[in-house]
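Inspection log for the structure reproduced underneath, given as structure tokens.
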Amino acid sequence: MKSKKTIAIIGGGASALFFASLIDTSKFSVTIYEKNKALGRKFLVAGDGGFNLTHAESIEQMVQRYTPSFFLENALVENDNTDFREWLLSIGVPTFEGSSHRIYPEKGIKPIEVFNAILHQIKKNNVVIKYQQEWMGWKGEDLLFNSSEEVNADIVIFALGGASWKKTGSKGDWLSHFEQKKINTMPFQASNCANEVEWENDFVNNHAGTPLKNIAITCGKATQKGEVVITAFGLEGNAIYALSPCIRERLNENGKSTIHIDFKPSLSVEKIIVRLNSSGNRTKILKDKLKLPKSVVELMKINLSKDEFMKNETLADRIKSFPLEIVNSAPIDEAISTVGGISLEELNSSFEFKNMPNYYAMGEMIDWDAPTGGYLLQACYSMGKKIAHHLNEKK
């Protein structure tokens with residue numbers, strides 16, 4: 001009887017969980033090597049703030065949420081959000097679409113229950129899991145672990161994660177191992193994170209913790225609707241997280257990035273001017289007629305001269321396009337995700353290393369980006385399934 005080929009999965013994050021659930025273990029003998037005492041630590045931590053599994057928008061729209069979009073397009077189209085939901089249902093995790101079109105586990109299903117359903121599938125699939133096995137690089141052609149175990153597998157799947165949330169084990173300290181193999185890597189940088197604004201002291205003392213709802217933020221050609229929260233550090237929230245690629249690019253180039261906030265996306269400049277023409281106290285008009293919060297009114301007063309504040313056209317323009325300078329991103333460890341890691345040019349369309357046959361990479365360890373709202377987890381599923389399908393069909 002012909003022996004099975006061996007697969008070593010290095011890392012036990014989201015993409016590894018999906019791959020291990022979907023690989024055909026009638027053809028392969030599969031082992032996960034996880035450096036922590038348990039799998040999926042970041043998967044579970046991410047669920048604490050509302051567990052977005054994926055998003056309900058069309059796959060054509062979804063592809064455009066990723067930077068660069070071409071890199072993940074085939075994986076996403078072949079294994080889309082509908083496919084992901086159907087798979088979750090097949091393992092006992094029904095989902096529903098929220099008002100924001102994000103997809104969640106049905107009410108009452110906790111993140112740990114989703115994780116346990118996937119873990120049950122992995123064990124049912126006869127995948128071996130070895131814990132407290134940290135990959136230390138190569139020893140000759142073998143994989144070397146902190147236990148001094150040396151592994152020579154037919155196929156190696158790297159799922160090492162990014163560099164955010166170190167408490168979950170994501171430190172990104174494995175880059176040097178690939179550099180020694182002449183694999184091009186990119187330094188890790190924060191994404192989906194708070195951005196620093198040098199507020200005036202009185203302003204931030206009065207308004208830190210205040211949300212700005214139903215706004216639109218523009219950076220370059222990209223615009224994102226949503227909300228943010230004013231913090232002592234700057235701004236954080238979904239409306240600015242989604243602009244991470246543009247903001248980061250400009251910070252890298254210029255050391256600063258100017259965004260423009262539309263505080264009233266539903267109103268044109270002309271309609272705002274009509275409301276500003278109302279008689280009465282200017283501040284009261286802004287609050288009562290335009291429903292602007294105190295924080296926005298104060299921003300207008302700080303950044304406009306008295307004459308500009310009283311001139312309808314100037315004030316209306318500023319309400320529709322308020323410039324704000326970002327001077328830095330939050331530290332990597334405070335970011336929801338990171339970019340950087342393995343350079344895209346190193347991988348083929350099946351996420352196999354071009355110069356290292358039978359070695360694959362997936363998940364956040366590769367240099368791609370996506371906003372929050374289910375897109376990160378969807379990509380991990382799509383990549384995990386694409387590699388699994390590729391190997392399952394390979395002769």
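Index from 1, following the sequence. The shown structure was predicted, so the numbers you read here are calculated from the model rather than taken from an experiment. Worth knowing before you read on, the calculation uses all heavy atoms, side chains too, and leaves out hydrogens, waters and symmetry mates.
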Exercise. Does some side-chain heavy atom of L286 sit less than 4.5 Å from a side-chain heavy atom of I319?
Worked result: yes

Exercise. Between N192 and S244, does any side-chain donor sit less than 3.5 Å from a side-chain acceptor?
Worked result: no

Exercise. Would you say N125's side chain and I23's backbone share a donor-acceptor pair under 3.5 angstrom?
Worked result: yes

For this session: Indicate yes or no for a side-chain donor-acceptor contact from K284 to the backbone of K289 under 3.5 Å, with no hydrogens or angles considered.
Result: no

Exercise. Tell me the side chain to side chain donor-acceptor pair (under 3.5 Å) pairs involving residues 321-336, sequence neighbours left out?
Worked result: none

For this session: Go through the steps for N184 and E345 under the test side-chain hydrogen bond (donor to acceptor under 3.5 Å, both in side chains), then give the verdict.
Result: CA-CA 8 Å; N184 289 325; E345 66 189 21; 2.7 Å; yes

For this session: Verify the cluster assignment for I240 and V229: are they in a single hydrophobic cluster under the rule of side-chain heavy atoms below 4.5 Å apart?
Result: no

Exercise. Above 12 or not: heavy atoms from other molecules or residues under 6.0 Å from NZ of K354?
Worked result: yes

Exercise. Around E106, counting heavy atoms of other residues, nucleotides and ligands shown, do more than 12 lie under 6.0 Å from its CD?
Worked result: yes

Exercise. Counting heavy atoms not belonging to H260, are there more than 12 under 6.0 Å from its NE2?
Worked result: yes

For this session: Treat each ILVMFWY residue as a node, draw an edge where side-chain heavy atoms are under 4.5 Å apart, and state whether I217 and F233 are in one component.
Result: no

Problem set entry | Polar side chain donor-acceptor pair, Y33 to Q132, under 3.5 angstrom | no

Exercise. Any side-chain donor paired with an acceptor under 3.5 Å for S305 and D307?
Worked result: no

Exercise. If you round to the nearest 0.5 Å, how far is CG of N238 from NZ of K225?
Worked result: 13.0 Å

For this session: Give every residue pair that meets the disulfide (SG to SG under 2.5 Å) criterion with at least one member in residues 98-148, sequence neighbours excluded.
Result: none

For this session: Under the salt bridge (charged side-chain N to carboxylate O under 4.0 Å, His left out) rule, what do K130 and E149 come out as? Steps first, then yes or no, please.
Result: CA-CA 11 Å; K130 292 190 176 183; E149 182 175 356; 3.2 Å; yes

Problem set entry | Side-chain H-bond candidate by donor/acceptor type, T25 with N126, under 3.5 Å | no

For this session: Indicate the atoms forming the closest heavy-atom contact of N355 with E346, along with that distance.
Result: ND2-OE1, 4.2 Å

Exercise. Can you name the closest pair of heavy atoms from A14 and F43 and give their distance?
Worked result: CB-CD1, 4.0 Å

Problem set entry | Test item: E34 side-chain N/O and N36 main-chain N/O as donor-acceptor pair under 3.5 Å | yes

Seminar exercise, completed: Heavy-atom nearest pair, S15 first then M362, reads O-CE, 3.4 Å

Exercise. How about I7 and D154: do any of their side-chain heavy atoms sit closer than 4.5 Å?
Worked result: no

Problem set entry | Ring-ring centroid check Y360 F351, cutoff 6.0 Å | no

Exercise. Under a 4.0 Å N-O cut-off, is there an ion pair linking E308 with R318?
Worked result: no

Exercise. Do K42 and S164 meet the criterion of a side-chain donor-acceptor pair at a distance under 3.5 Å?
Worked result: yes

Exercise. Are I273 and I285 connected in the hydrophobic side-chain network, where two residues link if heavy atoms are under 4.5 Å apart?
Worked result: no

Exercise. Should K386 and E78 count as an ion pair when the cut-off is N to O under 4.0 Å?
Worked result: yes

For this session: Take atom NZ of K181 as the centre, draw a 6.0 Å sphere, and report whether it contains more than 12 heavy atoms from other residues, nucleotides or ligands.
Result: yes

Exercise. H177 and ring pair (Phe, Tyr, Trp, His ring centres under 6.0 Å): which partner among F158, W135, Y359?
Worked result: W135

For this session: Scan residues 215-288 for pairs that pass disulfide (SG to SG under 2.5 Å), counting only residues two or more places apart or in two chains.
Result: C219-C246

Exercise. Between H55 and H101, how do the two ring planes meet: parallel, tilted or perpendicular, split at 30° and 60°?
Worked result: tilted

Exercise. Will you find, in the side chains of N312 and N277, an N or O donor that is under 3.5 Å from an N or O acceptor?
Worked result: yes

Problem set entry | Near-ring test W87/Y381, centroid separation under 6.0 angstrom | yes

Exercise. Taking side chain as C-beta onward, heavy atoms only, is Q189 less than 4.5 Å from R248?
Worked result: yes

For this session: Output the distance between atom CD1 (I261) and atom OG1 (T223), rounded to the nearest 0.5 Å.
Result: 12.0 Å

Seminar exercise, completed: d(L88 CG, T95 OG1) to nearest 0.5 Å is 6.5 Å

Exercise. Can Y104 and F96 be said to form a ring pair (Phe, Tyr, Trp, His ring centres under 6.0 Å), step by step?
Worked result: CA-CA 6 Å; Y104 301 90; F96 77 98; 5.7 Å; yes

Exercise. Checking N195 side chain against C193 main chain: does a donor-acceptor pair fall under 3.5 Å?
Worked result: yes

Exercise. Is K213 reaching over with its side chain to a backbone N or O of G226, donor-acceptor style, under 3.5 angstrom?
Worked result: no

Exercise. Are Q133 and S147 close enough that a side-chain donor and a side-chain acceptor fall under 3.5 Å?
Worked result: yes

Exercise. So, N81 side chain and I103 main chain: donor-acceptor pair closer than 3.5 Å or not?
Worked result: no

Exercise. When rounded to the nearest 0.5 angstrom, what is the spacing between CH2 in W368 and CG in L344?
Worked result: 11.0 Å

Exercise. Is the backbone of F178 close enough, under 3.5 Å, to the side chain of W138 for a donor and an acceptor to pair up by distance?
Worked result: no

Problem set entry | Close side-chain approach of Y375 to Y66, heavy-atom, < 4.5 Å | yes

Exercise. Considering residues, nucleotides and ligands other than K256, do more than 12 of their heavy atoms fall under 6.0 Å from its NZ?
Worked result: no

For this session: Would you confirm whether N358, through its side chain, and I155, through its main-chain N or O, come within 3.5 Å as a donor-acceptor pair?
Result: no

Problem set entry | Listed once per pair and sorted, the ring-ring contact (aromatic ring centres under 6.0 Å, His included) pairs that draw on residues 261-306, sequence neighbours left out | F263-F322

Exercise. Any side-chain heavy atom of L276 sitting closer than 4.5 Å to one from L315?
Worked result: yes

For this session: Spell out, yes or no, whether V128 and V151 are grouped together once hydrophobic residues are joined by side-chain heavy atoms under 4.5 Å, including indirect joins.
Result: no

For this session: Identify the two heavy atoms, one from A239 and one from V228, that lie closest to each other, and give their separation to 0.1 Å.
Result: CB-CG1, 3.8 Å

Problem set entry | hydrophobic_cluster_shared for I332 and L376, side chain cutoff 4.5 Å | yes

Exercise. Does T54 have any side chain to side chain donor-acceptor pair (under 3.5 Å) partners at least two apart in sequence or in another chain, and if so, which?
Worked result: Q378

For this session: Measure the spacing between NZ of K306 and CE of M310 and express it to the nearest 0.5 Å.
Result: 8.0 Å

For this session: Among residues two or more places apart or on two chains, list those pairs meeting side chain to side chain donor-acceptor pair (under 3.5 Å) that have a residue in residues 293-303.
Result: H207-E298, T283-K301

Exercise. Which heavy atom of E60 sits nearest a heavy atom of Q64, and at what distance?
Worked result: O-CG, 3.6 Å

Exercise. Do any N or O atoms from the side chain of K287 and from the backbone of P293 form a donor-acceptor pair under 3.5 angstrom?
Worked result: no

Exercise. Can any side-chain N or O of E134 pair as donor or acceptor with the backbone N or O of F145 at less than 3.5 Å?
Worked result: no

Seminar exercise, completed: Of all heavy-atom pairs linking P105 and V93, the shortest is CB-CG1, 4.4 Å

Problem set entry | Inter-residue atom distance T218.OG1 - I259.CD1, 0.5 Å rounding | 9.0 Å

